[in-house]
Amino acid sequence: MRHPLLASVASGAFVAVVGMLTMAPPMPAATAQPRSTGVTGSAMSPQEVEELRKAANDTFKPIPSMVPEVRGNPVTREKTELGRMLWFDPRLSASGILSCNSCHNLAAGGSDNIETSIGHGWQKGPRNSPTVLNSVFNVAQFWDGRAEDLRTQAKGPIQAAVEMAATPEHVINVLKSIPEYQNRFRTAFPGEAEPVTFDNVAKAIEGFEATLITPASRFDQFLEGNAAVLNDREKNGLKLFMETGCSGCHSGVNLGGQDYFPFGVVERPGSDILPPEDKGRFAVTKTASDEYVFRAVPLRNVELTVPYFHSGKVWNLEQAVAIMGVAQLGKELTPQETSDIAAFLRTLTGQQPRVELPLLPASTAQTPRPEPLVKNSLEKSDAVEKQNSLR
């Protein structure tokens, strides 16, 4: 018999899962003071706290303050400046309405805070939009890990019928029609005879995304030695997170994003949380054992990226924690355990990147005009008639 917590989100069951290249000066560092919650967990002795901190450092790593190296794509200021412009430019989409920031809003935790994104022709996508923040640390991109890096990922939404519904040819025609873009591509990719290419569009966006990191969370400060930055409830939540097995999937610098696991190791959630038609990584590998397998979601900034899971059906962090306890660990967490783990997860919110909106160059007479309903490079039928994008 299915556990009632997994049977339906609608039931209302409550119990919470689950630089330096910068565009502008960073936001002020996350507060070094523990948050007052009104309820505290059992106080640990100084020795217990230090043992917890050491154990946590064996499992997790702080977000670095410097932009990480990107394999095969040197991150330069010129490239990231160009990538920032492309990120916000809706002319890369067929409609002239959508940009990368439409689904990965940098003012909202790097996602769009709706169940599944709305794309070309008001189509509703099939999966929740993952946060772009700290995505450079993931082993692969998308929920099913089908893109090996950010530049591969960047090409998908631009072409997807349910998202931006453009073609590489459309993108290049737009960029080549604007002299400032031509100059910026030559500067960002020096020595190339033809720098305005779709591959270089993806590389520039990847370079910009690599700067979107969130260091200095209160949890990172704890890892680095500030034991007082977490309150008793948050420390207890961290201890529970590790002892109950959550860290078996959510570890490393991003607390996830490094490996693939079935959603429902012990008990599979109901169809409203786990839609039966979305078989996850199976669509990539065609291997039966990969049915309903997904990349472990990175938990950095998780309090900002509601709703939760690839279906986007859970709007409460405490409820998400409780669902994961049953589905992945076979454990029904008490309300206090759920609350403490959620309190710990909220300490993962880091220093948000402060990105200045670019002043985009004006279109010219040669710039392709927006076409709300056009055919897409991936499908023969009109983009608005077909949903073929999975995040």
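All values below come from the heavy atoms of this structure, side chains included, with hydrogens, waters and symmetry mates left out. This chain uses plain numbering: 1 for the first residue, then up along the sequence.
Residues Thr347 and Thr349 are not in side-chain contact: their nearest non-hydrogen atoms beyond the backbone lie 4.5 Å or more apart. Side-chain contact check for Val201 versus Ile205: some heavy-atom pair is nearer than 4.5 Å. Counting heavy atoms from C-beta on, the side chains of Gln141 and Glu148 never come closer than 4.5 Å. Looking at heavy atoms from C-beta onward, His120 lies out of side-chain contact with Ile97 at the 4.5 angstrom threshold. Leu329 is listed as a side-chain neighbour of Cys246, based on a closest heavy-atom distance under 4.5 Å. By the 4.5 Å heavy-atom criterion applied to side chains, Met85 and Glu180 are counted as neighbours. Residues Pro361 and Tyr181 meet the side-chain proximity criterion, which asks for heavy atoms closer than 4.5 Å. Residues Leu92 and His170 form no side-chain contact, since every pair of their non-hydrogen atoms from C-beta on lies 4.5 Å or further apart.
In this structure, Tyr260 shares a hydrophobic cluster with Val139, Val293, the cluster being traced through Ile, Leu, Val, Met, Phe, Trp and Tyr side chains under 4.5 angstrom apart. Residues Val265 make up the rest of the hydrophobic cluster containing Val266, defined by ILVMFWY side-chain heavy atoms closer than 4.5 Å, directly or through other members.
Checked by atom type and distance alone, the side chain of Ser251 never pairs as donor or acceptor with a backbone atom of Gly248 at under 3.5 Å. Judged purely by atom type and a 3.5 angstrom limit, Asn200 uses its side chain to pair as donor or acceptor with the backbone of Pro195. Side-chain N or O atoms of Ser217 include none that pairs as donor or acceptor with a backbone N or O of Gly350 at under 3.5 Å. Using modelled atom types, one side-chain atom of Ser135 and one backbone atom of Val132 make a donor-acceptor pair closer than 3.5 Å. Formation of a donor-acceptor pair under 3.5 Å by the Arg295 side chain with backbone atoms of Ala140 is found in this model. Counting only distance, with no hydrogens or angles, the side chain of Gln221 and the backbone of Ala216 share a donor-acceptor pair below 3.5 Å. The backbone N or O of Leu106 sits less than 3.5 Å from a side-chain atom of Asn101, completing a donor-acceptor pair. The backbone N or O of Glu209 lies less than 3.5 Å from no partner atom in the side chain of Arg84, so there is not a single donor-acceptor pair. Formation of a donor-acceptor pair under 3.5 Å by the Thr80 side chain with backbone atoms of Thr76 is found in this model. At least one donor-acceptor pair under 3.5 Å links the side chain of Thr187 to the backbone N or O of Asn183.
A chain of hydrophobic side-chain contacts below 4.5 Å, direct or via other Ile, Leu, Val, Met, Phe, Trp or Tyr residues, connects Val306 to Val314. Hydrophobic clustering of Ile, Leu, Val, Met, Phe, Trp and Tyr side chains at less than 4.5 Å, counting indirect connections, unites Ile172 with Trp87. The cluster map of Ile, Leu, Val, Met, Phe, Trp and Tyr, joined by side-chain heavy atoms under 4.5 Å apart, puts Leu304 and Trp315 in different clusters. Under the 4.5 Å side-chain heavy-atom criterion for grouping Ile, Leu, Val, Met, Phe, Trp and Tyr, Phe261 is not connected to Tyr308 through any hydrophobic cluster. Ile178 and Phe198 fall within a single hydrophobic cluster, where Ile, Leu, Val, Met, Phe, Trp and Tyr are joined by side-chain heavy atoms under 4.5 Å apart, directly or via other members.
Among all heavy-atom pairs drawn from Leu238 and Phe222, the shortest one is CD2-CE2, 3.7 Å.
One finds a salt bridge joining Arg127 and Asp144 here, because a Lys/Arg side-chain nitrogen approaches an Asp/Glu carboxylate oxygen to under 4.0 Å. Of the charged side-chain nitrogens involved, none lies within less than 4.0 Å of a carboxylate oxygen, so that Glu78 and Arg184 do not count as a salt-bridged pair. Looking at Asp340 and Arg233, a side-chain N of the basic residue comes within less than 4.0 Å of a carboxylate O on the acidic one, giving a salt bridge.
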Next on the checklist: Quick one, Lys203 with Glu206, criterion salt bridge (Lys or Arg N to Asp or Glu O under 4.0 Å). Give me CA distance, side-chain angles, the key distance, then yes/no.
Outcome noted: CA-CA 5 Å; Lys203 286 182 178 181; Glu206 178 181 50; over 6 Å; no

Checklist entry - Could you walk me through whether Arg218 and Glu234 pass the salt bridge (Lys or Arg N to Asp or Glu O under 4.0 Å) check? => result CA-CA 10 Å; Arg218 289 193 298 123; Glu234 292 160 349; 2.8 Å; yes

Checklist entry - Would Phe60 and Val253 satisfy side-chain contact (heavy atoms from CB on, under 4.5 Å), going step by step from the backbone distance to the final call? => result CA-CA 6 Å; Phe60 315 107; Val253 68; over 6 Å; no

Next on the checklist: side-chain contact (heavy atoms from CB on, under 4.5 Å), that's the test. Do Glu81 and Phe208 meet it? Break it down for me.
Outcome noted: CA-CA 7 Å; Glu81 286 284 347; Phe208 172 64; over 6 Å; no

Next on the checklist: Under the criterion side-chain contact (heavy atoms from CB on, under 4.5 Å), I'd like the reasoning laid out for Asp278 against Trp143: C-alpha separation, chi angles, the key distance, then a yes or no.
Outcome noted: CA-CA 11 Å; Asp278 185 354; Trp143 285 93; over 6 Å; no

Checklist entry - Passes side-chain contact (heavy atoms from CB on, under 4.5 Å), Thr131 versus Asn301? Steps please. => result CA-CA 9 Å; Thr131 180; Asn301 305 288; 5.8 Å; no

Next on the checklist: Apply salt bridge (Lys or Arg N to Asp or Glu O under 4.0 Å) to residues Glu194 and Lys176 and explain how you reach the verdict.
Outcome noted: CA-CA 11 Å; Glu194 186 55 69; Lys176 284 188 172 181; 3.5 Å; yes

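Atom CD of Glu163 and atom CG of Leu98 lie 9.0 Å apart (nearest 0.5 Å).
With sequence neighbours left out, the side-chain hydrogen bond (donor to acceptor under 3.5 Å, both in side chains) criterion links Thr367 to Ser177, Thr364. Not counting sequence neighbours, the partners of Asp290 by the side-chain hydrogen bond (donor to acceptor under 3.5 Å, both in side chains) test are Thr285.
Between Thr116 and Asn128, the side chains place no donor N or O within less than 3.5 Å of an acceptor N or O (distance only, hydrogens not considered). Judged purely by distance below 3.5 Å, without hydrogens or angles, the side chains of Asn57 and Glu224 never pair a donor atom with an acceptor atom. A donor-acceptor contact under 3.5 angstrom links the side chains of Thr152 and Asp149, judged on distance only. Side-chain contact check for Asn236 and Glu337: no donor-acceptor pair (N or O, by modelled atom type) lies under 3.5 Å.
Ring geometry for Phe294 versus His310: interplanar angle under 30°, hence parallel rather than tilted (30 to 60°). Ring geometry for Phe309 versus Phe263: interplanar angle of 30 to 60°, hence tilted.
The residue from Gln328, Lys331, Met324, Lys239 that alone fulfils the side-chain contact (heavy atoms from CB on, under 4.5 Å) condition with Thr244 is Lys331.
The salt bridge (Lys or Arg N to Asp or Glu O under 4.0 Å) analysis of residues 91-105, with sequence neighbours excluded, yields the pairs Asp89-Arg91. A salt bridge (Lys or Arg N to Asp or Glu O under 4.0 Å) check over residues 51-76, counting only residues at least two apart or in different chains, returns the pairs Glu50-Arg53.
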